[in-house]
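On a predicted model such as this, the values are computed, not experimentally measured, just so you know.
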Amino acid sequence: MKNSVFEIPKPQNEPVLSYLPGSKEREDLKQMISLLKKQKMHIPVIIGGKEIFTDETGNCVIPHEKEHILAYYHKAGEKEVHEAIQSAMDAKRIWDNLDWNERASIFLKAAALISGPYRALMNAATMLAQSKTAYQAEIDAVCELCDFFRFNAYFMDQIYKEQPENSHSVWNKTEYRSLEGFVFAITPFNFTSIAGNLPTSPALCGNTVVWKPSSASVYSNYLIMKILSEAGLPDGVINFIPGSGKQIGEIVLKDRHLAGVHFTGSTDTFDGIWKTVGEHISEYDTYPRLVGETGGKDFIFVHESADAEEVVSAIVRGAFEYQGQKCSAASRVYLPSGMEKETDDRLKKMVSEIKMGDPEDFRNFMAAVIDQPSFDKIKSYIDDAKESEEAEILCGGECSDQIGYFIEPTVIKTKNPSFKTMQEEIFGPVVTIYVYDESCLEETLRLCDGTSKYALTGAVFAKDPQAIREMSRILSQAAGNFYINDKPTGAVVGQQPFGGARKSGTNDKAGSKTNLMRWISQRSIKENFEPPKGFDYPYMQEE
């Protein structure tokens, strides 16, 4: 259909279902969880649309029931990695020439499948393999993933419409090309939606992708691949290669056809990617685009005019939802001394009411952390606080890995604003409070700004408008996503584009046009309808 100009309507964010007792969605979800727990699938490597079962496998386990194996996933070796790169390069010739609206329709259909017939499947898989509650799975694996697919298609439409000015007898055009080469997507365990977005946003723009999923979320990520295939994604556009990050990265990051990296994960890993790319920069056909979102040490800064009840709610939800395994999770709090007692009392009461356990029990607010290494790391921070003279445990602090990887919601109080739990990313249900003197507001704001190497999310609480303006000004570089009287988590696609700077990443804002522009290479085209027929200009005439 070449004789039409298509337009993608601006989408609405996918509604979040309630899962109330007696609701159909609750019953469907419980039935799906039961069904998946009875199965043990084998998850293949997928290259050029072919399912490949290798000699080396890993286990997909339930973190809150660690002896239960959900699936076995097959790991890509050196041979498969090279094949995945070649498959991406081969598929590019066809995919890049497909009309943009045909590419968009595939992802719009995938969103319809996820929000419709596969809603319970995506939620159940994420609840089981990543230990999310029904609500946390719903807002992630369904709503945000659908939002990424729909809004990215809309953003691409808006980008392609942006054209330059013209002059008499000249038609100027901008062509939005894909990058020359393939894109390497490296995705995290904690959000199914991010795992789906990182390979698909470059693909939407005509790029082909080699996707290395986190070993802890292969289960839900494989389902995304199956749904994309059902939606019509051609073979080889996205190649799915679970396995060792070190082994895969060693090969992919040194390939001359590497055109970009789309990454979410640790700061140390992203630093290593930059270093490897820098060491091989003269060997690439083009300069690779490096787009990454990494760690955070996200703050809540409280002014003396704030409402204590609102502050405590933000701390509990911001720090403990999904066990604090969000890069945006509240991890440090700056509290005025005049609010200390009321806040402590409210926190202890609210935290004592939190139920933790299997997410199949919908009364639970928290479940398990993802795996043994995460459990051990988080526990070590709690143990250090217990032993330190500079800190105390206000509430929580108990850990058990007998059945699953359970860590109580833990609140630490410290007298030292540079205590390690005020500076280092923990990535678990641990938040640290530092109490400051109200007379030292500006000094403490600057302390907050300079304590951490990260700048991802942050929140300020105040009823005083002047205080809000002052806190916003001093903390202007401290967070890429800044919240006023709200918790520092829960960015919504199309509403709060997400990303941070400093050592939190490149701030390319997932869920916005800005991110898509990183996967596009513009070509400016000038067509002259009246070309000159000589070299001379009017000014050259004699007096």
Enquirer: Determine the minimum heavy-atom distance between E102 and L98, stating which atoms define it.
Expert: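 Closest approach of E102 to L98: OE1-CD1, 3.3 Å.
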
Enquirer: Inspect the surroundings of NZ in K173 and state if more than 12 heavy atoms from other residues, nucleotides or ligands are less than 6.0 Å away.
Expert: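 Correct, the count exceeds 12.
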
Enquirer: Take atom CD of Q495 as the centre, draw a 6.0 Å sphere, and report whether it contains more than 12 heavy atoms from other residues, nucleotides or ligands.
Expert: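 Counting neighbours around CD of Q495, more than 12 heavy atoms of other residues, nucleotides or ligands fall under 6.0 Å, so yes.
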
Enquirer: Just by distance, no angles: are the side chains of N507 and K509 close enough, under 3.5 Å, to form a donor-acceptor pair?
Expert: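 A donor-acceptor contact under 3.5 Å links the two side chains.
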
Enquirer: Would you call D90 and R93 a salt bridge, taking side-chain N to carboxylate O under 4.0 Å as the test?
Expert: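 Here D90 pairs with R93 in a salt bridge, since their nearest N and O are under 4.0 Å apart.
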
Enquirer: Checking side chain to side chain donor-acceptor pair (under 3.5 Å) for the pair N152/N515: CA distance, chi angles, key distance, verdict?
Expert: CA-CA 9 Å; N152 282 343; N515 182 277; over 6 Å; no

Enquirer: Does the pair Q323 and Y405 meet the rule for a side chain to side chain donor-acceptor pair (under 3.5 Å), with working shown?
Expert: CA-CA 11 Å; Q323 299 78 262; Y405 307 110; over 6 Å; no

Enquirer: Would you please classify the geometry between the F107 ring and the W95 ring as parallel, tilted or perpendicular, with 30° and 60° separating the classes?
Expert: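 Ring orientation, 0 to 90° scale: perpendicular.
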
Enquirer: Hey, are S178 and D96 close enough side-chain-wise for a donor-acceptor pair under 3.5 Å?
Expert: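 Distance-only check passes for D96 and S178.
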
Enquirer: Do D298 and N481 meet the criterion of a side-chain donor-acceptor pair at a distance under 3.5 Å?
Expert: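 No, N481 and D298 have no side-chain donor paired with an acceptor closer than 3.5 Å.
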
Enquirer: Nearest 0.5 Å, what's the CD1-CD1 distance between I227 and I114?
Expert: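 Here the rounded value is 4.5 Å.
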
Enquirer: Could you pull out all donor-acceptor pairs under 3.5 Å where a side-chain atom in residues 138-151 meets a protein atom, sequence neighbours excluded?
Expert:
from: E138; atom 1: OE1; to: Y19; atom 2: OH; distance (Å): 2.6
from: E138; atom 1: OE1; to: R119; atom 2: NE; distance (Å): 3.4
from: E138; atom 1: OE1; to: N123; atom 2: ND2; distance (Å): 2.9
from: E138; atom 1: OE2; to: L17; atom 2: N; distance (Å): 3.0
from: E138; atom 1: OE2; to: R119; atom 2: NE; distance (Å): 3.2
from: E138; atom 1: OE2; to: R119; atom 2: NH2; distance (Å): 2.6
from: D140; atom 1: OD1; to: T192; atom 2: N; distance (Å): 3.2
from: D140; atom 1: OD1; to: S193; atom 2: N; distance (Å): 2.8
from: D140; atom 1: OD1; to: S193; atom 2: OG; distance (Å): 2.8
from: D140; atom 1: OD2; to: K132; atom 2: NZ; distance (Å): 2.8
from: D140; atom 1: OD2; to: T192; atom 2: N; distance (Å): 3.0
from: E144; atom 1: OE1; to: S193; atom 2: OG; distance (Å): 2.5
from: D147; atom 1: OD1; to: E14; atom 2: N; distance (Å): 2.9
from: D147; atom 1: OD2; to: N13; atom 2: ND2; distance (Å): 2.9
from: R150; atom 1: NH1; to: E14; atom 2: OE1; distance (Å): 2.7
from: R150; atom 1: NH2; to: S115; atom 2: OG; distance (Å): 3.1

Enquirer: Using side chain to side chain donor-acceptor pair (under 3.5 Å), reason through S328 and T457 one step at a time and then give a plain yes or no.
Expert: CA-CA 6 Å; S328 58; T457 74; 5.1 Å; no

Enquirer: Can you name the closest pair of heavy atoms from A104 and M156 and give their distance?
Expert: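 In terms of heavy atoms, the two residues are closest at CB-CE, 4.0 Å.
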
Enquirer: Taking all non-hydrogen atoms of both residues into account, name the closest pair between P202 and V209 and its distance.
Expert: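 Heavy atoms only, the tightest pair is CB-CG2, 4.3 Å.
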
Enquirer: In terms of side-chain heavy atoms, does S131 have a donor or acceptor partner in H64 at a distance below 3.5 Å?
Expert: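 The answer is yes; a qualifying pair exists.
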
Enquirer: Atom CG of L70 and atom SG of C60: how far apart are they, to the nearest 0.5 Å?
Expert: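 L70 atom CG to C60 atom SG measures 7.0 Å (nearest 0.5 Å).
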
Enquirer: Between K24 and D28, is there a salt bridge with N-O shorter than 4.0 Å?
Expert: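 The answer is yes: the pair qualifies as a salt bridge.
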
Enquirer: Any chance CD of Q477 has more than 12 other-residue heavy atoms, nucleotides or ligands included, within less than 6.0 Å?
Expert: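 Counting other residues, nucleotides and ligands, CD of Q477 stays at 12 neighbours or fewer.
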
Enquirer: Give me each pair satisfying ring-ring contact (aromatic ring centres under 6.0 Å, His included) with a member in residues 232-254, each pair once, sequence neighbours excluded.
Expert: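 Only W211-F240 qualify under ring-ring contact (aromatic ring centres under 6.0 Å, His included).
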
Enquirer: Does Y160 offer a backbone N or O that forms a donor-acceptor pair with the side chain of Q163 under 3.5 Å?
Expert: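 Yes, because the side chain of Q163 sits within donor-acceptor range (under 3.5 Å) of the backbone of Y160.
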
Enquirer: Looking at residues at least two apart in the chain, or sitting in another chain, which of them share a salt bridge (charged side-chain N to carboxylate O under 4.0 Å, His left out) with K66?
Expert: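 Here no residue qualifies.
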
Enquirer: Using modelled atom types and a 3.5 Å cut-off, is there a donor and acceptor pairing between side-chain atoms of E425 and backbone atoms of G295?
Expert: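 No, the answer is negative, given that no donor and acceptor are paired below the 3.5 Å cut-off.
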
Enquirer: So with a 6.0 Å cut-off around CD of Q12, is the heavy-atom count from everything else above 12?
Expert: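 For Q12, atom CD is not crowded (no more than 12 foreign heavy atoms under 6.0 Å).
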
Enquirer: If you draw a 6.0 Å radius around CG in D55, do more than 12 non-hydrogen atoms from other residues or ligands fall strictly inside?
Expert: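 12 or below, so no.
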
Enquirer: Taking D361's backbone N and O only, do any of them form a donor-acceptor pair with D358's side chain (distance below 3.5 Å, no angle check)?
Expert: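 No; judged by distance alone, with no hydrogens or angles, the pair does not exist.
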
Enquirer: Roughly how far, to the nearest 0.5 Å, is CG of D271 from OG of S266?
Expert: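 If I round to the nearest 0.5 Å, the distance is 8.0 Å.
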
Enquirer: If you measure from the Lys or Arg side-chain nitrogens to the Asp or Glu carboxylate oxygens, is any gap between E250 and K246 under 4.0 Å?
Expert: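 Answer for the salt bridge query: no.
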
Enquirer: Would Y72 and H42 count as a ring pair (Phe, Tyr, Trp, His ring centres under 6.0 Å) if you check the C-alpha gap in whole Å, the side-chain angles of each, and the deciding distance to 0.1 Å?
Expert: CA-CA 5 Å; Y72 306 98; H42 278 261; 5.2 Å; yes

Enquirer: With a 4.0 Å cut-off on N to O distance, would you call E7 and K161 a salt bridge?
Expert: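 Salt bridge flag = yes for K161 with E7.
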
Enquirer: Measure across G511 and F155 and return the closest heavy-atom pair with its distance rounded to 0.1 Å.
Expert: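 Taking every non-hydrogen atom into account, O-CE1, 3.4 Å.
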
Enquirer: Does anything in residues 480-530 pair up under ring-ring contact (aromatic ring centres under 6.0 Å, His included), and if so which pairs, sequence neighbours excluded?
Expert: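 Sorted pair list: H262-W519.
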
Enquirer: Quick one: side-chain hydrogen bond (donor to acceptor under 3.5 Å, both in side chains) partners of D157, sequence neighbours excluded?
Expert: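 Listed in chain order: nothing, the list is empty.
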
Enquirer: Measuring from atom CG of N190 to atom NZ of K326, what distance do you get when rounded to the nearest 0.5 angstrom?
Expert: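 Here the rounded value is 9.5 Å.
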
Enquirer: For I525, is the CD1 atom crowded, meaning more than 12 foreign heavy atoms sit under 6.0 Å from it?
Expert: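 Counting neighbours around CD1 of I525, more than 12 heavy atoms of other residues, nucleotides or ligands fall under 6.0 Å, so yes.
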
Enquirer: Spell out, as yes or no, whether a donor-acceptor pair under 3.5 Å connects the side chain of T294 to the backbone of S504.
Expert: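 Yes, the answer is positive, given that a donor and an acceptor are paired below the 3.5 Å cut-off.
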
Enquirer: Keeping the roles fixed (side chain from K212, backbone from G243), state whether a donor-acceptor pair exists under 3.5 Å.
Expert: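 Confirmed, K212 side chain pairs with G243 backbone.
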
Enquirer: Counting distance only, does the side-chain N/O of R256 pair as donor-acceptor with the main-chain N or O of D285 below 3.5 Å?
Expert: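 Checking the backbone N and O of D285 against the side chain of R256, no donor-acceptor pair under 3.5 Å is found.
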
Enquirer: Are E65 and K37 ion-paired here, with the side-chain N under 4.0 Å from a carboxylate O?
Expert: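 Counted as a salt bridge, because a side-chain N and a carboxylate O are separated by less than 4.0 Å.
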
Enquirer: Give the table of side-chain donor-acceptor pairs shorter than 3.5 Å for residues 43-53, with sequence neighbours excluded, one pair per line with atom names and distance.
Expert:
from: E51; atom 1: OE2; to: Y222; atom 2: OH; distance (Å): 3.3
from: E51; atom 1: OE2; to: K226; atom 2: NZ; distance (Å): 3.3

Enquirer: Please name the residue in the list N239, T208, D235 that meets the side-chain hydrogen bond (donor to acceptor under 3.5 Å, both in side chains) test with S87.
Expert: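 By the side-chain hydrogen bond (donor to acceptor under 3.5 Å, both in side chains) criterion, S87 pairs with just one of N239, T208, D235: N239.
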
Enquirer: Are the side chain of S34 and the backbone N or O of K30 linked by a donor-acceptor pair below 3.5 Å?
Expert: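 No, because the side chain of S34 does not come within donor-acceptor range (under 3.5 Å) of the backbone of K30.
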
Enquirer: Go through the side-chain N and O atoms of S215 and Y73 and say whether any donor and acceptor fall under 3.5 Å apart.
Expert: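 Result is yes, a qualifying pair exists.
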
Enquirer: Of all heavy-atom pairs between M366 and T133, which one has the smallest distance, and what is that distance?
Expert: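 Where M366 meets T133 most closely, the heavy atoms are N-CG2, 4.4 Å.
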
Enquirer: Surrounding CZ of R26 (heavy atoms of other residues, nucleotides or ligands, distance under 6.0 Å), is the total greater than 12?
Expert: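 Atom CZ in R26 is packed in, count exceeds 12.
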
Enquirer: Taking all heavy atoms of A112 and all of P117, pick out the closest pair and write down the distance.
Expert: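 Scanning both residues, the minimum pair turns out to be O-CD, 3.8 Å.
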
Enquirer: Show, in sequence, the C-alpha distance, side-chain angles and deciding distance for K513 and E162, and conclude whether the salt bridge (charged side-chain N to carboxylate O under 4.0 Å, His left out) test is met.
Expert: CA-CA 12 Å; K513 289 166 61 175; E162 294 179 5; 2.7 Å; yes

Enquirer: Would you say NZ of K10 has more than 12 non-hydrogen atoms from neighbouring residues, nucleotides or ligands within 6.0 angstrom?
Expert: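 Open.
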
Enquirer: Report the distance from atom CE of M32 to atom CE of M127, rounding to the nearest 0.5 Å.
Expert: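 Answer rounded to 0.5 Å: 12.5 Å.
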
